[in-house]
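A quick write-up on the structure given underneath.
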Amino acid sequence: MGSGASKEGEDGGGTNGDGQHDGLDAQLDAARYHDGGQLYVSLKMDKNHTLTADLVPHVFGSVPLIGSWDPSKALSMERESVSMWELSFVVPPNHETLDFKFLLKPKYNNAPCFVEEGPSRQLIGGALKEDAKLALFRLENDEVLEYKVFVKADRVSPFDLAASWRAYQENFRPSSVRWIPDVSINSAPQPGGENCASAGLDLDLEHYVVPAPSASANSAFVYAANMTETPRSLTSGSYSFKDGGASADRPTNIKGMEVIVPDPSKVFPNSGVVESKSVGTYSPLQKQESQRGLFVDRGVGSPRLVKSSSSNSNIFTHDLNLDNDTKNSMPAAAGAVAAAAVADQMLGPKEDRHLAIILVGLPARGKTFTAAKLTRYLRWLGHNTKHFNVGKYRRLKLGANQSAEFFAADNPEGVEARNEVAALAFEDMVSWMQEGGQVGIFDATNSSKKRRNMLMKLAEGRCKIIFLETICNDVNIIERNIRLKIQQSPDYAEEPDFEAGLQDFKNRLANYEKVYEPVEEGSYIKMIDMVSGHGGQIQVNNISGYLPGRIVFFLVNTHLTPRPILLTRHGESQDNVRGRIGGDAALSEAGELYKKKLANFVGKRLKSERAASIWTSTLQRTILTASPIVGFPKIQWRALDEINAGVCDGMTYEEIKKNMPEEYDRSRKKDKLRYRYPRGESYLDVIQRLEPVIIELERQRAPVVVISHQAVLRALYAYFADRPLQEIPHIEVPLHTIIEIQMGVTGVQEKRYKLMD
Ligand SMILES: Nc1ncnc2c1ncn2[C@@H]1O[C@H](COP(=O)(O)OP(=O)(O)O)[C@@H](O)[C@H]1O
Ligand SMILES: O=P(O)(O)OC[C@H]1O[C@@](CO)(OP(=O)(O)O)[C@@H](O)[C@@H]1O
């Protein structure tokens, strides 16, 4: 209908052969008339009776576009709901008066149609001249059908119209990568691909290293026990806290520390079994002195560690943290996780609402490591989880320098003191659960039946218990673990002689071995020789329920094989240039250059890695970015597609702000984590669909390059960096930068490469 109602439309000027304007004319009209605005008019008819009669409402009237009063050329209205019919069109605000009438046409035959009773209607300035709210139709049998009529006119700018027209056209443009199968590999460089001069890379990739942000993924630098829950029953009283004080909820700020660590191979000449190399962020001091090595945060004021004054600023002050969530008993999660959490709240015995995972095992069997990893995973999924480390309680209450004798089973004072701190930690955990905590991970050796009985009694009627036992039969791994413990554990921070520390720890271990009783009681999960990712096994007994099932599945898939995971966004897309979100655009010029540089980078970085693979989303900007990479299988994952912006897909943030201020300002800004785009997704939805990706990344033993999108990479990165859920939507993931996550035997470390500005 559109400009057909305008002057030109009436006399046919500016229309094409069908009496319709082309797009350019419409825009010119808009610009000519008035301050750029157009009226978007919506005519609606609502049938308030049940008789259907297969009659379809139409509109016809005075201008050629609506048939010049010829019923056979009338415009059909669209069905909007069971009873509502709609026809919308655009006119300039000062359009010529438009005379029209509604008519009903039979759907299936050429039987006569029924024109509404009364004089024709007149539309002026987007409104009906008279307030005729009803349309009456007299049928052949004299029956009268009555419809309510509604007219609504909204001003839209020609730019908005043009933008939505372009988005509409782009949505129908087929993606240029449709023919690429979900799994593919190219063995030869593509023509015009990789090696053009501008895409060349310096031989030394270190040249591209940029500092990682302060709260980066460098857990390998920090002894996991130091990041556990701060002993509340001990810190409020007269005890002085000697254990490093890293908050349980936030990782220590690594960048704000200067690390002066001798090369471990020099400090421990026989420790060749230590596999991990530090690739994290170095202070200028380190760089000057070329000191590279394993960072040791012993958490007891070790002289090797100097904290800088810069603190870890927490910009998220509004009411979104998980503790508040749990107070409201509402999980910070979507889909299955939320459904399971709510079901647990409502069904079953009260104690089943809280789950205690009690670690069991000899020292240096990876209990703390496993507990920390499980905590990170469950928190990322949205389960309110805390890690309670009894060693931390012991050090705080009794001091860090206990010798091996303290841990002997025939030392009654030692046994009593250890039971006391274990009970204190357990009580703290249960108190926290009663305030709304969901999963408590209780980390100690718990290696005798007597100790486990004590814990079961403490848990009775308060929480459900699952024992998680870590068993390792590989003497080389045990030796490596012991050496790592001497390096990392605050227990040996004050011991200057590595060999003396080693001997003491081995004596301690022997004391535990004398009385060690593997778990045979209750519900349990046993991880046996799971370090390498093959050949080990998981045994489970009496395990049921959503969360325990998920925990078993996670543990089955984890291992310690060191390998890198490279995360990068696609090269800049044409939509990035225009500031449009979502969509499925191809790459911009800069994006084209990045894809070549990335291919060069991957070729160099993974030169000797035969089994590596490249994962992309199903959107063309990631598939195109991966296209010049040769020699590695490429796998498309739907789960890696960008957050679905629903009705906002293809819009700019400005357009959303202007057209949907409520959505943009009030809802998304206020709670970006939970905000779900109308007909789209929230960040929590994205996390939920990424869970299989995380499991597969954990399971893979070879390097993986993930080429995905901003929101998706924020969520993936947060898992590795152990960042709280509410921070995820705000994490910076710049274009043309590679985030390398090094999975290692001491945790994860991060390194960033920036290939282009
Ligand atoms: N399932 C496992 N079996 C054996 N060693 C493991 C396992 N998981 C992790 N490790 C390794 O054990 C090292 C020491 O682990 P830690 O968690 O401090 O031991 P524990 O708490 O049992 O004393 C870790 O740095 C890791 O390399
Ligand atoms: O959640 P916000 O901050 O809007 O970021 C996600 C947005 O990032 C964009 C770019 O603006 O991702 P990308 O280009 O990486 O695919 C949008 O497509 C996406 O909607």
Side-chain angles (χ1 to χ4, degrees), residues 30 34-44 46 78 80-81 84 86-91 93 125-127 150-168 170-171 315-322 324-325 328 330-335 338 382 575-576 578-584 641-689 709-712 714-715 724-732:
H34 190 331
D35 47 329
Q38 290 273 63
L39 286 179
Y40 179 91
V41 182
S42 163
L43 286 181
K44 292 192 184 189
D46 188 14
E78 299 265 324
E80 203 182 66
S81 65
M84 188 73 88
E86 202 244 4
L87 177 72
S88 45
F89 51 91
V90 177
V91 286
F150 306 90
V151 181
K152 195 166 173 281
D154 292 313
R155 170 93 39 117
V156 278
S157 89
F159 299 105
D160 290 342
L161 279 173
S164 52
W165 175 245
R166 189 173 50 206
Y168 171 82
E170 275 170 11
N171 279 342
I315 52 164
F316 304 100
T317 49
H318 53 264
D319 199 12
L320 283 175
N321 61 56
L322 281 181
N324 284 324
D325 292 333
N328 300 331
M330 279 300 153
D575 275 348
N576 291 148
R578 300 174 193 136
R580 302 199 167 278
I581 66 167
D584 189 18
D641 281 5
E642 182 53 313
I643 188 169
N644 180 348
V647 300
C648 299
D649 189 77
M651 292 167 92
T652 64
Y653 291 114
E654 269 308 300
E655 284 165 0
I656 300 174
K657 204 169 172 174
K658 206 170 104 205
N659 297 316
M660 308 161 78
E662 190 71 27
E663 294 285 329
Y664 187 87
D665 275 332
R666 313 241 167 88
S667 311
R668 193 158 201 252
K669 252 193 183 164
K670 207 160 105 196
D671 189 353
K672 203 175 169 190
L673 176 69
R674 289 173 184 76
Y675 172 82
R676 179 175 287 135
Y677 280 109
R679 276 187 250 143
E681 287 180 303
S682 67
Y683 270 85
L684 286 179
D685 294 328
V686 172
I687 292 167
Q688 167 99 134
R689 73 160 141 97
H709 306 266
Q710 177 153 258
V712 164
R714 281 173 173 155
L725 283 183
Q726 65 269 23
E727 279 187 22
I728 290 179
H730 309 277
I731 294 173
E732 220 186 305

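Model, not experiment: these values are computed from the prediction.
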Going from [atom1] on [X] to [atom2] on [Y], what distance comes out if it is rounded to the nearest 0.5 angstrom?
X	Y	atom1	atom2	result
Arg689	Glu681	CZ	CD	4.0 Å
Leu39	Arg155	CG	CZ	6.0 Å
Thr652	Lys657	OG1	NZ	10.5 Å
Arg674	Leu684	CZ	CG	6.0 Å
Tyr683	Leu725	OH	CG	13.0 Å
Phe159	Glu654	CZ	CD	14.0 Å

If every non-hydrogen atom of [X] is compared with every non-hydrogen atom of [Y], which pair is closest and at what distance?
X	Y	answer
Val90	Gln38	CG1-CB, 3.6 Å
Asp649	Gly583	OD1-N, 3.0 Å
Glu86	Ser42	OE2-OG, 2.7 Å
Met660	Val647	CE-CG2, 3.7 Å
Cys648	Ile656	CB-CD1, 3.6 Å
Phe150	Met84	CE1-CE, 4.1 Å

Chi angles and distances behind the side-chain contact (heavy atoms from CB on, under 4.5 Å) call for Tyr677, Ile581: CA-CA 12 Å; Tyr677 280 109; Ile581 66 167; 3.6 Å; yes

Electrostatic pair Lys44-Asp46, nearest N-O below 4.0 angstrom: no

Exceeds 12 heavy-atom contacts within 6.0 angstrom, atom CD of Glu78: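 For Glu78, atom CD is not crowded (no more than 12 foreign heavy atoms under 6.0 Å).
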
Flag if over 12 foreign heavy atoms under 6.0 Å of CZ, Arg578: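 Correct, the count exceeds 12.
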
Short side-chain to backbone donor-acceptor contact, Gln688 and Ala333, under 3.5 Å: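 Absent.
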
Donor + acceptor pair across side chains of Glu663, Tyr675 (<3.5 Å): yes

Worked check of side-chain contact (heavy atoms from CB on, under 4.5 Å) between Asp160 and Lys658: CA-CA 10 Å; Asp160 290 342; Lys658 206 170 104 205; 3.3 Å; yes

